[in-house]
Amino acid sequence: MSASPSVVDTRIYRHASGVVGDTLALATSSPDRVDEQTFFAGFVRTPRVVAGGLLALADIAAADFRPVRSPGGRDPVVTGDGERLRLEALSACGGVYGRLDLAADELDGAPVGQGVTNVDINPELYTALTRVGAGDPLRLAVGEDELAVSTLDGRVVEKRVPLPERWLRGLAEVSAHALPMDPRLELRPGRAVALLAEVSARTGRRTRWLMPAATGWRSTSRPDGGAICVADGYRLSVLRSLLPLARTVTLYAPPVSGAPAQVSGWVLDFGTARFTLLLSTAVHHGFAGDGQLLADLGAGSVDTDAEALNALLVTYPVVDRSSVAERMGWDGTRATSALAALATAGQVGYDIAAAASFHRPLPYRADLVAALHPRLAAARALGAAGGLVPSAAGVEVTSGGSTYLVHRRGAGYACTCAWWAEHQGLRGPCKHVVAAMFSEENGVTRGE
């Protein structure tokens, strides 16, 4: 399903055109760019690492690990935030996310502007990257309309392509899954290669749990506290060529929740660069199908707050929730809702190694892109139709000729619909719960 052109393909500029003093300031030309065409141009310090990271992203974007496969592309998103470059990709099946972060030291002191683009890595560039050695020069030039890579084989230019809607939703859900992750296990490259061989065997299509141990790790059948879930670990094969180049490999995981499987994070540290990979809970479970952020979108001021926060992120592209609350004068809940709204629109990602959110200034309207989420759109439609009635037991929601009861369960909500019975909140709240939360937050209905 492709997104509406008015939502995805319309370019949103950071400011209006106008006259400043004696200068004509055009919205199409930002002062923080390296020039009018590019937001970064320069050589990298570790060409083999950067080339390997680009190849891994291309392999992820082209990969579909499901038995029935769909054709994929090789189209990473490239973001400059004024200090660093980030390159991201999602697999064709939607269950593997990769990101290559290039710090200022990796970029050899070249200035970095602010901007974002989405390009293909076609066969010509892919082949050129495979030939880059440790001592070979590698130069990147990134603009909002293209990525140019120069190697000893010559210069290859990849033009901007449309960003798939499923990527917008997938990027949003990746940030939600990454937020509660903490480091669990750190390994040297040699041990990490051994672990990869153990968990990535194609015959091992199952969920495994790892516990940190004196020798590195041990496998366990029960997910005790501190365990790391590795679901369908053969998908980690996309890291095989990068592992020997890393200084350390750190495994991340959320608190063990009793779920049959959980997302895991893998961070390869190269010193001046990092590669982050997240695995979904199963091959057939893509990130885009979740709705983990929906529970945080209830605040009535969320669209206005998201717009204000987006302006702040131009100056402070890496933030945590506490700093957002402090700078904006909000409480923690309001800051979380604003970040969730931007994440739902693909405007914000989350870096588990830095434990902070980062700006991804995609040129799409946050309020319109957020509405593409089917459960969010359905919840808003239910509220607009007036199908919510408070009762002593909770909120009765009428949908499709049936009435469901949304009620409190611990610190959250539950519903009597079939979706909730099947997933128990593990894939985010159902549309009835979202509608009830929105109405309660906005003071429309109040359950006793």
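Values below: all heavy atoms of this structure, side chains included; hydrogens, waters and symmetry mates excluded.
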Q | Residue pair V78 / L140, side-chain heavy-atom distance below 4.5 Å | A | no

Output for pair (R99 CZ, L277 CG), nearest 0.5 Å, gives 10.5 Å

Mind running side-chain hydrogen bond (donor to acceptor under 3.5 Å, both in side chains) on D59 and Y126 for me, showing each step along the way?
CA-CA 10 Å; D59 289 340; Y126 191 93; 2.7 Å; yes

Review point. So, Q424 side chain and W420 main chain: donor-acceptor pair closer than 3.5 Å or not?
Key: yes

Check: Short question: side chain of R188, backbone of R247 - any donor-acceptor pair under 3.5 Å?
Finding: yes

| message | Is it the case that the side chain of T250 and the backbone of P183 share a donor-acceptor pair, with hydrogens and angles ignored and the cut-off at 3.5 Å? | response | no

- May I ask you to decide if E124's main-chain N or O and N122's side chain share a donor-acceptor pair within less than 3.5 Å? no

* Can you tell if the side chain of P189 reaches within under 4.5 Å of the side chain of V249, non-hydrogen atoms only? -> no

(Q) Counting C-beta onward and ignoring hydrogens, is there a side-chain heavy-atom pair between R84 and V318 closer than 4.5 Å? (A) yes

Report task. Please answer whether the main-chain N or O of L171 pairs with a side-chain N or O of R360 as donor and acceptor at a distance below 3.5 Å. Result -> no

Interatomic distance, CG@L339 vs CG@D320, rounded to 0.5 Å, equals 9.5 Å

Rounded to the nearest 0.5 Å, the CG atom of L185 sits from the CG atom of L195 at a distance of 7.5 Å

Closest heavy-atom pair, T248 versus E186, reported as atoms and distance to 0.1 Å, is CG2-OE2, 3.7 Å

R66 and H284 have their tightest heavy-atom pair at CG-CA, 4.5 Å

Can any side-chain N or O of R184 pair as donor or acceptor with the backbone N or O of P212 at less than 3.5 Å? no

Applied to residues 128-178, the ring pair (Phe, Tyr, Trp, His ring centres under 6.0 Å) test, sequence neighbours excluded, yields H177-F287

Q.
If we ignore hydrogens and angles and just use 3.5 Å, is the side chain of R375 paired with the main-chain N or O of P429 as donor and acceptor?
A. yes

Residue set satisfying ring pair (Phe, Tyr, Trp, His ring centres under 6.0 Å) with H423, at least two apart, ordered chain then number -> W419

- Message: Could you check whether any side-chain heavy atom of L102 comes within less than 4.5 Å of a side-chain heavy atom of L87, counting everything from C-beta outward?
- Response: yes

In short, P111 meets F40 closest at the heavy-atom pair O-CD1, 3.5 Å

Distance col, row D232:CG vs T281:OG1, nearest 0.5 angstrom, shows 9.0 Å

Test: D101 and R86 ion pair at under 4.0 Å
yes

Ring pair (Phe, Tyr, Trp, His ring centres under 6.0 Å) pairs touching residues 75-114, sequence neighbours excluded, are none

**Prompt:** Counting only heavy atoms not in R139, do more than 12 fall under 6.0 Å of its CZ?
**Reply:** yes

Inset, instruction - Keeping the roles fixed (side chain from T117, backbone from E144), state whether a donor-acceptor pair exists under 3.5 Å. - result: yes

Across all chains, not counting sequence neighbours, the side-chain contact (heavy atoms from CB on, under 4.5 Å) partners of D108 are R45

The side chain to side chain donor-acceptor pair (under 3.5 Å) partners of R131 (sequence neighbours excluded) come to D153

One should read off an interatomic distance between M181 CE and Q262 CD, to the nearest 0.5 angstrom, of 8.5 Å

Residue pairs meeting ring pair (Phe, Tyr, Trp, His ring centres under 6.0 Å), one or both in residues 244-274, sequence neighbours left out, come to none

Quick one: are M328 and R334 in side-chain contact, heavy atoms under 4.5 Å? no

Notebook entry, point to check: Does S280 offer a backbone N or O that forms a donor-acceptor pair with the side chain of R235 under 3.5 Å?
Noted result: yes

To the nearest 0.5 Å, atom CZ of R327 lies from atom OG of S322 at 10.0 Å

For the pair Q347 (side chain) and L362 (backbone), establish whether a donor and an acceptor sit closer than 3.5 Å, ignoring hydrogens and angles. yes

